[in-house]
Amino acid sequence: MTATTGLIAPPKGITAQGLRKSYGEKVVLDGIDIQVSEGTVFALLGPNGAGKTTTVQILTTLISRDGGEARVAGHDLDQEPDSVRESIGVTGQFAAVDGLLTAEENILLIADLLHLDKAEGKRRAAELLERFDLTEVAKKPASNFSGGMRRKLDLAMTLVGNPQVIFLDEPTTGLDPRSRRTMWEMIRGLVASGVTIFLTTQYLEEADQLADRIAVLDGGKIVAEGTADELKRRIPGGHIRLQFNDVQHMDAAVQRLALSTVTRDDESLSLQIPSDGSIPALRAVLDVLESSGIHAEALTVHTPDLDDVFLALTGQDRKTATTDDSATAVKETQR
Amino acid sequence: MSTNSYAVRDSMTMLRRNLKRAQRYPSMTISVVAMPLLMLLLFVYVFGGALGGGIDIPGVSGSGDRGDYINYVVPGILLMTMTASAVPTAVSVCSDMTEGIINRFRTMAISKASVLVGHVIGNVIQTVVALVVVLGVALAVGFRPNANVVEWVAAIGLLIFLAFALAWLSAAMGLGSDSVETASNAPMPLTFLPFLGSAVVTPDSMPTVLRWFAEYQPFTPMNETLRGLLMGTEIGNDAWIALAWLAGLSLLGYLWAKSSFNKEAKR
């Protein structure tokens, strides 16, 4: 679809090469490349402090960069910063709403700053309040809103100008699971209307759910990029786990399966056999066990998910990472 | 491209926003009016009798009384109204910076200056409201200026010029503060600066070092000019010195605020 925009006109999505940024001695971005096709969702996934927000700040003209080139919506960041600003919408980590103004006044403020005429501003405001289910609280000050409502208002304000490219910097951080799902629905709605979305998140499920392409950012570098499936395939996280009652049967199983890649855990009396989890692979293992009369207590199949990708690529220890808040939150929201 | 042509329109939008905010959060306005009012009543009713007889009030021959002292102290109280009213600028600018809405403004194709201009003009308007209240109370408790229309216009003009200079300084302080608490404390020293001038007593009655400071600090010539305009005391060079200070402070505040604002977002 987007192939036609390739050669002549500059691509309308986002392109960046070799973005670098340091604060003093601390290198925050160490030369990252980004390519987001028009009308797609790109997720920048990474742990806290990986440089996600810095990337967004550079691409949205908030801060300068130390090196690299970037174009957003076909405009060069340096040469046409105002054209970039006219084409983008940004929803940051903290809802950028004016707490003392009402929901409606907040939207009208943005409409005024976009130089829409009064009637048009009113019309846009009514439309957006309706779309984001905020009509009932339109006349209430935003400081009384819940976190989820503030985000919705924030996103509504972002959309007043019909931006072609929308940056969502951790749009669901701090939201409860229900509000998170509502936000996802809204993001899907935006994609359907043809805008390009640049999303940052520390939630793997969010990237998996929403993004066409995912880049994993860690320590200022992109350590992996691809679709969710491609990323999952890169990580040998899939395995069959066999649980035994005694060491003898386990030893026998190790001998019979005769695979150098089998990992044994003597403490929990279990074996991990790398596998894609397909039925023929399972059958092969079961056949071996049955033909040699080995009793296994239980068999579980573990297929790789983005958790494995993330933890493997960002160099976090799995054990510590799963006790981490963000990882727990992901687990909680998984069905 | 469109940035400059929309500067006025964007500034008006920001001004409307700030006036709305001031309406919704009146405690800030009330507290900045309360301070000079308390000072006025304190100096008139508690110290007024003693000070009226104790200091050499210009324009009054011999020992003065409470009534003479009211006329002496009100111009200083008006200056204090200006300094106290500058505090909300620092607070509102800082809360904009820390609450994230500034990043929304910065990512829009609007006139960059409008954000600060909106705050500064909004604060000047707020200050004029405070000035009217304090002046009203001063007249009610016995302030009897002898100024004609031209002198009134000049006096009000001087005060508004001061409000403008202080609003820029305060905005710069707000930009330099990490938290709203710091921002509300930063302009505090300004509030009390008129005390160390000719606001409540004549510098002649002060010890040498303090008197030296009082004579050369910016609020003394402003105070003397204001007193001269309202009460008819001698102004002399003070008007020009005051105007020079005001121009200098405005420029300093403006440049300081501008350079802080243009610095990159932290982090």
Side-chain angles (χ1 to χ4, degrees), chain A residues 21 23 26 28 49 51 53-54 56-66 72 75 80-102 105-106 108-116 121 141-143 150 154 157-158 160-161 163 165-167 169, chain B residues 1-29 88 91-119 122 126 179-180 261-267:
Chain A
K21 180 76 184 175
Y23 289 106
K26 194 179 179 311
V28 183
T53 298
T54 304
V56 171
Q57 286 176 329
I58 290 174
L59 293 175
T60 57
T61 75
L62 273 176
I63 59 173
S64 63
R65 58 197 186 280
D66 300 334
V72 175
H75 304 290
E80 311 161 282
D82 268 342
S83 302
V84 171
R85 291 182 191 121
E86 274 164 9
S87 316
I88 63 172
V90 188
T91 293
Q93 237 173 91
F94 306 100
V97 305
D98 188 329
L100 291 177
L101 300 186
T102 66
E105 286 168 343
N106 265 296
L108 289 175
L109 170 70
I110 302 303
D112 284 345
L113 290 174
L114 290 165
H115 314 120
L116 301 182
S143 53
R150 282 173 76 95
D154 193 342
M157 288 162 76
T158 300
V160 177
V165 178
I166 296 178
F167 291 86
D169 189 14
Chain B
M1 286 166 274
S2 55
T3 303
N4 288 327
S5 51
Y6 284 119
V8 174
R9 186 168 171 182
D10 291 343
S11 297
M12 288 303 293
T13 302
M14 292 297 184
L15 173 61
R16 276 202 303 279
R17 163 177 181 253
N18 289 311
L19 291 178
K20 242 180 230 159
R21 285 173 61 90
Q23 263 172 37
R24 300 274 158 80
Y25 187 59
S27 61
M28 196 78 202
T29 319
V91 175
S92 56
V93 167
C94 182
S95 76
D96 266 8
M97 295 294 150
T98 48
E99 274 172 8
I101 196 152
I102 190 66
N103 283 348
R104 180 183 292 286
F105 295 149
R106 280 188 209 252
T107 54
M108 295 178 72
I110 60 169
S111 148
K112 290 278 169 290
S114 69
V115 178
L116 290 180
V117 171
H119 277 294
Q126 209 178 343
S179 72
V180 173
F261 188 74
N262 288 340
K263 265 187 208 148
E264 293 186 331
K266 284 168 203 152
R267 232 175 83 109

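Small disclaimer: the values here were computed from a predicted structure and weren't measured. To find a chain, count down the sequence lines: A is the first, B the second, and so on, and within it residues start at 1.
There is no side-chain donor-acceptor pair under 3.5 Å between A:Thr60 and B:Arg106.
The shortest heavy-atom contact between B:Ala109 and A:Glu86 is CB-CG, 3.6 Å.
Considering CG of B:Asp10 and NE2 of A:His115, their distance stands at 3.5 Å, rounded to 0.5 Å. Within the model, atoms CG of A:Leu114 and OH of B:Tyr6 stand 10.5 Å from one another, a figure rounded to the nearest 0.5 Å. The distance from atom CG of A:Asn106 to atom CZ of B:Arg104, rounded to the nearest 0.5 Å, is 8.0 Å. The OG atom of B:Ser92 lies 10.0 Å from the CG atom of A:Leu100; values are rounded to the nearest 0.5 Å. Annotation: the span from B:Thr13 atom OG1 to A:Leu108 atom CG amounts to 11.0 Å, rounded to 0.5 Å.
For residues 14-23 of chain B, heavy-atom neighbours of chain A at less than 4.5 Å comprise B:Met14, B:Arg16, B:Arg17, B:Lys20, B:Arg21, sorted by residue number.
Residue contact with chain B, scored on non-hydrogen atoms closer than 4.5 Å, is absent for A:Glu80. Residue contact with chain B, scored on non-hydrogen atoms closer than 4.5 Å, involves the backbone and the side chain of A:Thr102 alike.
The number of heavy atoms from other shown groups lying within 6.0 Å of CE (B:Met12) does not exceed 12.
Every residue two or more places apart in sequence or in another chain was checked for a side chain to side chain donor-acceptor pair (under 3.5 Å) with B:Arg9, and none qualifies.
Side chains of B:Asn103 and A:Val90 form no contact here, defined as non-hydrogen atoms less than 4.5 Å apart. Residues B:Arg24 and A:Leu101 are in side-chain contact: their nearest non-hydrogen atoms beyond the backbone lie under 4.5 Å apart. Residues B:Met108 and A:Ile110 have side chains in contact (heavy-atom distance under 4.5 Å, counting atoms from C-beta outward).
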